[in-house]
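All chains are named by letter (A, B, ...) in the order of the sequence lines, taking the proteins before the strands, and each is independently numbered beginning at 1. The structure displayed is predicted, hence computed values, not measured ones.
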Amino acid sequence: MSSDRRKPYPFDQIEPKWQAIWDERQLFHAPNPGEKGFHPPKPKFFVLDMFPYPSGAGLHVGHPEGYTATDIVARYKRLRGFNVLHPMGWDAFGLPAEQYAIKTGQHPAVTTRENVAKFKSQLKRIGFSYDWKREINTTDPNYYKWTQWIFLQIYNSWFNPETNRAEPISTYRGTDPDTVRLAYVADVPVNWCPELGTVLANEEVVDGKSEVGGFPVVRRPLRQWMLRITAYAERLLNELEGLDWPEGIKLLQRNWIGRSQGAEIDFKIENMEQRIRVFTTRPDTLYGGTFLVLAPEHSLVDLIVTEEQWPAVREYRERAARKSELERADLSKEKTGVLTGAYAINPATNEKIPVWIADYVLLGYGTGAIGGVPAHDERDLEFAKKFDLPIVIVVQPTGDEPAFGFTGEGIAVNSPIINGLTSAEAKKKITSWLEERGLGKRAINYKLRDWLFSRQRYWGEPFPIVWENGRHRALQEKELPVAPPPLDDYKPTGTGEPPLAKAKEWIRYSDKANRETNTMPQWAGSCWYYLRFCDPRNDKRFVGEEAEHYWMGGDKPGGVDLYVGGTEHAVLHLLYSRFWQKVLFDLGYVSKPEPFQRLVNQGIILGEDNQKMSKSRGNIVNPDDVIDHHGADAFRCYEMFMGPLEQMKPWSTRGVEGVARFLARVWRLLMTENQAGDWELSQKIKAVDATKQQQKLLHATIKKVTEDIESFSFNTAISQMMIFVNAVTNAETIPLAAMRKFLILLNPFAPHISSELWERLSAKFRDAPGDVTQQSWPVYDERLLVEDEVEIVIQINGKLRDRVRMPIVATEEELKAAALANPKVQDRIAGKAVRNVIVVPKKLVNIVVT
RNA sequence: GCUCGCGUGGCGGAACUGGCAGACGCGUACGGCUCAGGACCGUAUGGGGCGACCCGUGGAGGUUCGAGUCCUCUCGCGAGCACCA
């Protein structure tokens, strides 16, 4: 007696069989222009997954959700005659491999190789139709050579505000190009994570902790490489407009970029030459400004602070510096601050107002200084109350809310030159007034900060930069790639000096020059990988011109036609790669300013207990187990049948059984088991015409599945196929041609079983040459879908009372007459007045009575 | 606190521009077939009532001949931002 249960159909045999065939025949390889097998008339379709970081834990059920969706689309588009680019690769630089190396001494490259092999075999088991000839790995020198090359293009260019685009640094006419490069070095307060021994980008810090690992992050000044992404703030914001992305993601990016419009106003300091510049979105409240506040770190503080205030200021600054980001941002705490002892002049009122420092003002935003308008700003009000500062009302609400503490728009009061104007008008007028006097100007501010681009890590791309006499200098293209040095000890130094600094020989570039020892962040490789997929083996260029033009759409709309991934990259990868794409576009290297035309986010898959899957909860579902039990086709179909792709939804073991049962029914529809226990083709299959009803259902199914794939409603597409199979199951004879069409519809969802059944049909009937993957997508005939009769709903006062079958050609008058003559209606409306009869052709009649 | 998104049976979810609420699947019940095997097949399945009928899409209003769908308010859940001047 065998312990393993008999399989409802032999997926364990047919799935490996077809995977091997696909591999061997390179069936899913997409030829590039000029290559063998390339057909110019075929339209292109670029469908991309967010490539994974190959972790040691292997694939979890969340990964294949998006991958299955894109695979269905890829297979569908091929059947529709597209040349489909559907690639996969590995985003393999990153912390886990490095931390494993620190623990065990095993080189990250070895760990990466092992993990990639594991991921790849898991993906292959699911039957994804990737073009494996295009596989890329960000840690491959042939790949990161070009990541470094792109960095050099960024380094060697600047953003020309007049043309609003990046240009080669040679076009810069100023004295020091290093001040305008898109990649530059700056001493900035950075997010330093002691536990990880590295700095992190703003985007990588969540609630004062590292996104990876959740370790505390503190502010610390360090000299770091930055990328001038802020130069692109406006374009990154505006060009979101034309993208077919979920509104939620667009909104996240808009908020992250955080554009606000207002004015910069200069305040004279009493008895000093310097002026304090503040940024405000409400210049119309200038008359209500009764104090100024500078960020504690503001550079003017040293100059303006008075002798007697020095001790207090120094102490306050030290305390602020010691605070973590989290403590500083704690909203529940009371406002703090100290007087500098200096006074400024409000340019509108000419009054003397005190200058304070307080940590609620951030150095990083605006000018690092604000004008305090306590009557119309919550924070300023809180501050003014705490320190007993004057409060002057200058905006009168138009509603009946109190003016005190009113932060909305209203009418200007107590403001001589703008009295009576609406806030919008007042803003314009006061700003012009300031501009005329050289006291201020219109200004736009962004929350977006420049991208902190260096990391103190081993397992990342080294910068193609050397230092000589304290100045940085780019390497030549021919010196790429710059490989990381071999090291025995990968540990962070803890001082902020990168581990590469330990490689004494590697650092020494020449007698005079040393190599840069920072590495690039993990995002670097993923910023442009979609471009490399177009031409992954090119050793002359990061992507061949013709290949880029073809796959990214050239002058036609497109780019990556479909990009599927999680929302977690909304302000990280998706913002960074848009930025790189724009730089490359400006410099003439690529044909599109935006990389991803259409973006779809898959929702998270929860555990069976409705909780987030996690090791500690013990609710993780392993795809390998599911495939062992039910096969890859059932796994794929269940991932899609669970519910809408974008939605968060829980895993259900029972649910998998349901779809597995469906596939088994498909199998048994065409196959029967003989005495010996072998599967053979069912005798019920005949090369006969389908019945009228079968024909109608088939065409309804073609229509529904086609439309549902186009609209990403994979769950309802599967429902419709279930309805079809349920209906055909009881038929005496099974019409061959209809089943052929059905198998093509099923193929994108369940490629193995549909391939096998197709082949078995071909062995007997020889009516359709080739594999199912080589067929073309069925077309439905609208004429077959129209009914002769329809069911008309009869309502009285909007409530369902009866249904009658009527010819589809029935006129409104006929429908109305039939409804009124209906016995149930007669009973109900007896003695009542019919006030109105609404007729919706082919649908319903609604009788309105009193 | 602010900004988005979402609330439909015992469960996952269907329902195109307002037009038969609950497709499909799970679960459950009964029946069949069987070596009672957690396999397979069939039938039923929103709630209430013996019944004709009545009630039902988080809650309260509104628009409409007609609302799960549109509008207003409200409650709950999820996500994002969080002193951004």
### Message
Regarding A:Ser652, tell me which of base, sugar-phosphate or nothing describes its non-hydrogen contacts under 4.0 Å with the strands shown.
### Response
nothing

### Task
Could you tell me whether A:Asn730 contacts a base, only the sugar-phosphate backbone, or nothing, with contacts defined as non-hydrogen atoms closer than 4.0 Å?
sugar-phosphate

### Query
Looking across every strand, which nucleic acid part, if any, lies under 4.0 Å from A:Lys843 by heavy atom: base, sugar-phosphate, or nothing?
base

### Message
Just checking A:Lys386: does its NZ atom have more than 12 heavy atoms from other residues, nucleotides or ligands closer to it than 6.0 angstrom?
### Response
yes

### Query
Do the non-hydrogen side-chain atoms of A:Ile709 and A:Phe749 ever get within less than 4.5 Å of each other?
yes

### Task
Flag yes if more than 12 heavy atoms outside A:Glu401 fall under 6.0 Å of its CD atom; otherwise flag no.
yes

### Query
Which one, B:A21, B:C81, B:C54, comes nearest to the side chain of A:Trp256?
B:C81

### Task
Have a look at A:Arg259 and say if it touches a base, only the backbone sugar-phosphate, or nothing, with a 4.0 Å heavy-atom cut-off.
nothing

### Message
Starting the side chain at C-beta, find the nucleotide from B:C41, B:A14, B:G80 nearest to A:Pro644.
### Response
B:A14

### Task
Would you mind classifying the nucleic acid contact of A:Glu378 as base, sugar-phosphate or nothing, using non-hydrogen atoms under 4.0 angstrom?
nothing

#### Entry: Distance in angstrom units between A:Lys649 NZ and B:G5 P, rounded
19 Å

### Query
Which of these nucleotides, B:G13, B:C81, B:C26, is closest to any side-chain atom of A:Arg661?
B:C26

### Message
Just to be sure I understand the geometry, which residues of residues 699-710 of chain A put a non-hydrogen atom under 4.0 Å away from RNA chain B?
### Response
none

### Message
Roughly how many Å apart are B:G62 and B:A67, using the C1' atom of each and rounding to a whole number?
### Response
11 Å

### Task
Give A:Ser260 one of three labels, base, sugar-phosphate or nothing, depending on what nucleic acid heavy atoms sit under 4.0 Å from its own.
sugar-phosphate

### Task
Return the value, rounded to whole Å, for the distance between atom CH2 of A:Trp651 and atom P of B:C11.
21 Å

### Task
To the nearest Å, give me how far apart CD (A:Glu639) and C1' (B:G12) are.
14 Å

### Task
Quote, to the nearest angstrom, the C1' distance that separates B:G9 from B:C2.
36 Å

### Message
Can you tell me whether the base of B:G9 sits syn or anti, using the 90° cut around 0 to define syn?
### Response
syn

### Query
What is the glycosidic conformation of B:A36: syn, defined as within 90° of 0, or anti?
syn

### Query
Given B:C41, B:A85, B:G25, which nucleotide is nearest the side-chain atoms of A:Phe641?
B:G25

### Task
Using a cut-off of 6.0 Å, state whether more than 12 heavy atoms not belonging to A:Arg254 lie near its atom CZ.
yes

### Message
Looking at every heavy atom in both A:Val61 and A:Val621, which two are closest together, and how far apart are they?
### Response
CG1-O, 3.4 Å

### Task
For B:U43 versus B:C26, give the span between their P atoms, rounded off to a whole number of Å.
14 Å

#### Entry: Distance between P atoms of B:C53 and B:A21 (Å, rounded)
15 Å

#### Entry: Nearest non-hydrogen partners of A:Ile229 and A:Asp450, listed with the distance
N-OD1, 3.2 Å

### Message
Base, sugar-phosphate or nothing for A:Arg828? Non-hydrogen atoms, less than 4.0 Å.
### Response
sugar-phosphate

### Message
Distance check needed: B:G12 P versus A:Tyr638 OH, whole Å only.
### Response
11 Å

### Summary
Rounded to whole Å, CD1 of A:Ile444 lies from C1' of B:A85 at a distance of 16 Å

### Task
Would you jot down, in residue-number order, the residues of residues 711-728 of chain A having a non-hydrogen atom under 4.0 Å from RNA chain B?
A:Asn715, A:Thr716, A:Ser719, A:Met722, A:Ile723, A:Asn726

#### Entry: Nearest-Å distance once atom C1' is located in both B:C50 and B:C70
41 Å

### Gap between atoms CE and P, on A:Met642 and B:A14 respectively (whole Å)
12 Å

### Task
Kindly point out which of B:G27, B:A85, B:G13 is positioned nearest to the side chain of A:Gln647?
B:G13

### Message
Within the 4.0 Å heavy-atom criterion, would you say A:Val361 contacts the bases, only the backbone, or no part of the nucleic acid?
### Response
base

### Message
Nearest whole Å is fine: how far is B:C53 C1' from A:Leu800 CG?
### Response
13 Å

Sort me out a list of protein N/O and nucleotides 43-46 of chain B N/O pairs below 3.5 Å, or just none if empty.
none

### Message
For a side chain to side chain contact (heavy atoms under 4.5 Å, CB included) check, start with the C-alpha distance between A:Arg661 and A:Met722, then their side-chain angles and the critical distance, and finish with the verdict.
### Response
CA-CA 10 Å; A:Arg661 220 169 281 166; A:Met722 287 173 168; over 6 Å; no

### Query
Heavy-atom distance under 4.5 Å between the side chains of A:Leu574 and A:Met50, does that happen here?
yes

### Query
Is there side-chain contact between A:Val666 and A:Leu670, with heavy atoms separated by less than 4.5 Å?
no

### Query
Is the A:Trp451 ring parallel, tilted or perpendicular to the A:Tyr576 ring (thresholds 30°, 60°)?
parallel

### Query
Between B:U57 and B:G76, how far is it from one C1' atom to the other, in whole Å?
16 Å

#### Entry: Whole-Å gap separating C1' (B:G19) and CD1 (A:Ile796)
16 Å

Distances under 3.5 Å between protein N/O atoms and the N/O atoms of nucleotides 62-69 of chain B, please, pair by pair.
| from | atom 1 | to | atom 2 | distance (Å) |
| --- | --- | --- | --- | --- |
| B:C65 | O2' | A:Asn846 | ND2 | 3.2 |
| B:C65 | O2 | A:Asn846 | ND2 | 2.5 |

### Message
Once pairs are restricted to Watson-Crick or G-U wobble with both distances under 3.5 Å, how does RNA chain B read as a dot-bracket string, [ ] for crossings and | for other-strand pairs?
### Response
(((((((..(((......[....)))((((((.......))))))(((....)))..(((((..]....))))))))))))....

### Message
Side chains of A:Thr653 and A:Glu608: any donor to acceptor distance under 3.5 Å?
### Response
yes

### Task
Give A:Arg254 one of three labels, base, sugar-phosphate or nothing, depending on what nucleic acid heavy atoms sit under 4.0 Å from its own.
nothing

### Message
Per the salt bridge (Lys or Arg N to Asp or Glu O under 4.0 Å) rule, what does the pair list look like for residues 696-708 of chain A, sequence neighbours excluded?
### Response
A:Lys696-A:Glu787, A:Lys703-A:Glu782, A:Lys704-A:Asp708

### Task
Determine the interatomic distance between P on B:U63 and the same-named atom on B:G10; round to the nearest Å.
32 Å

### A:Asn726 side, atom CG; A:Leu669 side, atom CG - distance, nearest 0.5 Å
10.0 Å

### Task
Establish, for the pair A:Lys335 and A:Tyr360, whether the NZ or CZ atom is under 6.0 angstrom from the six-membered ring centre and no further than 45 degrees off its axis.
yes

### Message
Taking the minimum atom-to-atom distance to the side chain of A:Arg665, which one of B:C41, B:C83, B:A85 wins?
### Response
B:C41

### Task
Assign A:Arg835 to base, sugar-phosphate, or nothing according to its heavy-atom contacts below 4.0 angstrom with the strands shown.
nothing

### Query
Between A:Trp667 and A:Pro8, is any pair of side-chain heavy atoms under 4.5 Å apart?
no

### Query
Under a 4.5 Å cut-off applied to non-hydrogen side-chain atoms, are A:Thr701 and A:Ile723 in contact?
no

### Message
Say we look at B:G42 and B:G59: how far apart would their C1' atoms be, to the nearest angstrom?
### Response
42 Å

#### Entry: Min side-chain heavy-atom separation A:Val355-A:Phe267 under 4.5 Å
no

### Query
Tell me, do A:Phe724 and A:Val705 make a side-chain contact under 4.5 Å, heavy atoms counted?
no

### Query
Do the two ring centres, one from A:Phe714 and one from A:Phe712, sit under 6.0 Å apart?
yes

